[in-house]
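Just so it is clear: chains get the letters A, B, ... in the order the sequence lines come, proteins before strands, and each one is counted from 1. Predicted model, so just to flag it, every value in this text is computed and none were measured. In what follows, every heavy atom counts, from backbone to side chain, and hydrogens, waters and symmetry copies are set aside.
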Amino acid sequence: MVPAEQLSIPERVALITRNLEEVIGADELPGLLEQGMTLQHYIGLEISGRLHLGTGLMVMQKVRDLQQAGVKCRILLADWHTWLNDKLGGDREKIRKIGMGYFQTGLRASLAAVGGDPNSLEFIFGSDFYHHNDRYWEAFVDVCKNTTLNRIVRSVSIMGRSEGESMDFAKLLYPPMQVVDVFMLNSHIAHGGMDQRKAHVIARDVANALTIAPMRDSKGKVIKPIAIHGHLLLGLSKPTEWPVDPERLRELRTQMKMSKSKPASAVFLNDTPDEIRKKIRKAFCPPANEGMDFNPILDWTEHLIFNNQPDGLFIERKPENGGNIHFKSMESLKAAYADGSLHVMDLKSGLAEGLITLLAPVRKIFAEHAEMMAELEALL
RNA sequence: CCCGAGGUAGCCAAGUGGCCUAAGGCAGCGGACUGUAAAUUCGCCAUACGUUGGUUCAAAUCCAACCCUCGGGACCA
């Protein structure tokens, strides 16, 4: 890997912004890099149950890119947010244990698996960060004073909740806390899935008004956090509405995404090779003539295989099915799927084997921590 | 603390004294059909109705107490 100092600014910008669904404030990036600042990144993760591919591979791929671009990467293990959001039963003891053990181990292993540097990845525990930290709570009030109740209510989708649903008041602390996290961690780059954009947009909106913890560049000018949003992997199950009506895409997106609460829709880092094969074999995978936009198998192949490794996808096939084949790009694979020269079964098994290979180092690390894994299972 | 609504399978939900050894739907599981899934189709899937007592020949269905959820209110004024 080329050290970041040897990369040009456009090369670094390209690494930071590639393979994303959205970058807000991309134009501000070269300016910051030209100042020679060490950019800091952060992503906050709730400590819910098992880690899935969305976190393990999608998030960590981007962390790897950022590391390669010379950005300092940090993960906020958001135990308070988990507590506020009633995950893991809101049991703080449980949350802490899983966060300290399984999450850190699993995320480091995942980062290593996609070619990043696990040792320079920093973990910050929410409760440690907030403890005896008056400035945090001052900044919290500062953020709250610069946004509105309505805005906060509308942003609860970042925590997987809908505006209409009834909830305890504590839930409303979550979005502003997330915004404060960005500033208090001095994160020039705020990272999340597309579902996190509401919080990031609030952060950018309040950036200029903050008096407690504004972010500034080396010239003292206020920086708005640059928001980078990753693609949300499609769930493996058939969408509730098929074919998908483009008009209703906004609302359907949420239901279509891979979700921890629907185990069949997701692959977890803990899954055994056979479980991975089975889940992928059972996955919804419409033929090309029904459209290729909402096909989870193609979606995963693109985002987990092609965007992740330069080698592309190697598929083993029986001679009577055309023999082994190697795809170097998503375009060529899609073309083959469209013209029928690549059969679904072969695509599925190719993807499954690709993922199994990719995740092998993670499984190895988990196997070395049998006690931790047993504790996890006991706590879930 | 008061008033109201409600607690039936993983989820939604019918049933208000015997025909309920609990309808239906979704999800799930197994099979048929497809070299995948989906669609279609066949089969499986609560001895149990918030808890504990009581009334009755007979209760998910009536009564009592308690627990919990949701909405509203009271207290503070």
Atom [atom1] of [X] to atom [atom2] of [N]: distance rounded to whole Å?
| X | N | atom1 | atom2 | result |
| --- | --- | --- | --- | --- |
| A/Met345 | B/rG35 | CE | P | 11 Å |
| A/Asp86 | B/rU69 | CG | C1' | 14 Å |
| A/Lys262 | B/rG10 | NZ | C1' | 14 Å |
| A/Lys238 | B/rU36 | NZ | P | 17 Å |
| A/Trp242 | B/rU40 | CH2 | C1' | 18 Å |
| A/Lys260 | B/rG10 | NZ | C1' | 19 Å |
| A/Leu347 | B/rG35 | CG | P | 18 Å |
| A/Glu353 | B/rU36 | CD | P | 18 Å |

If the [atom1] atom of [N] is compared with that of [M], how far apart are they to the nearest Å?
| N | M | atom1 | value |
| --- | --- | --- | --- |
| B/rG31 | B/rA38 | P | 13 Å |
| B/rG35 | B/rC29 | C1' | 23 Å |
| B/rA65 | B/rG73 | P | 26 Å |
| B/rA27 | B/rC66 | C1' | 34 Å |
| B/rA22 | B/rC49 | C1' | 8 Å |
| B/rU52 | B/rC67 | P | 15 Å |
| B/rA60 | B/rA48 | P | 11 Å |
| B/rA58 | B/rC12 | P | 34 Å |

What is the pairing partner of [N], taking Watson-Crick or G-U wobble pairs with both distances under 3.5 Å in any strand?
| N | value |
| --- | --- |
| B/rU21 | none |
| B/rA5 | B/rU69 |
| B/rU40 | B/rA32 |
| B/rA48 | none |
| B/rA60 | none |

Ranking B/rU36, B/rA39, B/rG35 by distance to the side chain of A/Pro287, first place goes to B/rU36
Kindly point out which of B/rG35, B/rA38, B/rU36 is positioned nearest to the side chain of A/Lys348? B/rU36
I need the minimum non-hydrogen distance between A/Leu45 and A/Leu107, along with the two atoms involved. CD1-CD1, 3.7 Å
Minimum heavy-atom separation for A/Arg18 and A/Lys62, please, with both atom names. O-NZ, 2.8 Å
Let me spell it out: for each of A/Ser237 and A/Tyr337, pick the nucleotide of RNA chain B with the closest heavy atom. Which residue's pick is nearer the 5' end? A/Ser237
Side chains of A/His231 and A/Glu21: donor-acceptor distance under 3.5 Å anywhere? yes
Under 3.5 Å, is there a donor-acceptor pair linking the side chains of A/Asn85 and A/Arg161? yes
Residues from residues 271-282 of chain A sitting under 4.0 Å of RNA chain B, heavy atoms only? A/Arg281, A/Lys282
Taking the inter-plane angle between the rings of [X] and [Y] on a 0 to 90° scale, is it parallel (under 30°), tilted (30 to 60°) or perpendicular (over 60°)?
| X | Y | value |
| --- | --- | --- |
| A/Trp137 | A/Trp80 | tilted |
| A/Trp242 | A/Phe294 | perpendicular |
| A/His81 | A/Tyr130 | tilted |

Would you kindly check if the NZ (Lys) or CZ (Arg) of A/Arg74 is within the cone defined by 45 degrees around the ring axis of A/Phe123 and under 6.0 Å from the six-membered ring centre? no
Quick one: ring-ring contact (aromatic ring centres under 6.0 Å, His included) partners of A/Phe268, sequence neighbours excluded? none
